[in-house]
Amino acid sequence: MRYAIIGDIHSNLEAFEMVLRDADVKGGFDKIWCLGDVVGYGPDPNECIERLCQFEHVCVAGNHDWAAIGKMDTADFNPVAAQACQWTAQQLTAENIEYLQNLPLSICQEDFTLIHGSPREPIWEYLLSLEGAQDNFSHFETTYCLVGHSHVPLIFELVDSKVVYEMFPEGAELRLGERRMIINPGGVGQPRDGDPRASYALYDTEARTVYHHRVEYDIQATQKKMTELGLPAPLILRLSVGW
Ligand code: ZN
């Protein structure tokens, strides 16, 4: 089996389409594992949900997915994120609201747990520090955990009960062994590691390897749509710099 591991699409259809195309070129996939935040920030919330639903997939809930359907308050969002969230809420069709409503907080697939934020705080916690990762290894049962939310591709590995941390560089081939890991494939629709290209991973169960890929997409096309829809300028500009 081959899985496409994608997270944080954030209503960016151009980025999502290029990831799908690139994944096809790089050997294809049987199923998508989606790490949440399908919507929020970008211009195509309905289209992104509907495109995802064309594939065999599983998906967990992210903070933006919940906020867009009123399942969570936007009081803790920064003002531009809250504004985009309110706009998203007005666009969503009844069917897509129901889709988001039914997303679970975590899903186990093979020997992976899929979660948006972190195992102990599935919706909210950003896993970016060694301390945070260390505490989270006791909050999931499987050998490996996949997370999104920070939009930064990285790997936390448990080595003799101590966590080590490394970036997950483009083109890296992560061979799975006995050590437990928390892996973030980076963000599709709003990368935040200084590289504006869409970020995702492919997992080949036979090779026991997770491959990390980046792909260019038409950022200007997404930005043009956002401008025309009146979405906040900082959200438009950040796509150019990957932050
Ligand atoms: Zn996100």
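Atoms within a ligand are numbered from 1 in the order they appear, just like the ligands themselves. Quick caveat, the model's predicted, so the values are computed rather than measured. For this chain, numbers begin at 1 and follow the sequence in order.
Counting only N and O atoms by type, the side chains of N12 and T222 include a donor and acceptor under 3.5 Å apart.
Computed with the Zn ion (ligand 1) at the centre, the D8 OD1 to D37 OD2 angle is 90°, stated to 10 degrees.
Coordination check, H151 versus the Zn ion (ligand 1): passed, since an N/O/S atom of the residue sits under 2.8 Å. In summary, H10 places an N/O/S atom under 2.8 Å from the Zn ion (ligand 1), meeting the contact criterion.
Contact check for H213 versus D22: side-chain heavy atoms found under the 4.5 Å cut-off.
Residue F29 is tested with Y203, F55, Y200 for a ring pair (Phe, Tyr, Trp, His ring centres under 6.0 Å); the sole match is F55.
In this structure, R180 forms a cation-pi arrangement with F140, its terminal cationic atom sitting closer than 6.0 Å to the ring centre and no more than 45° off the ring axis.
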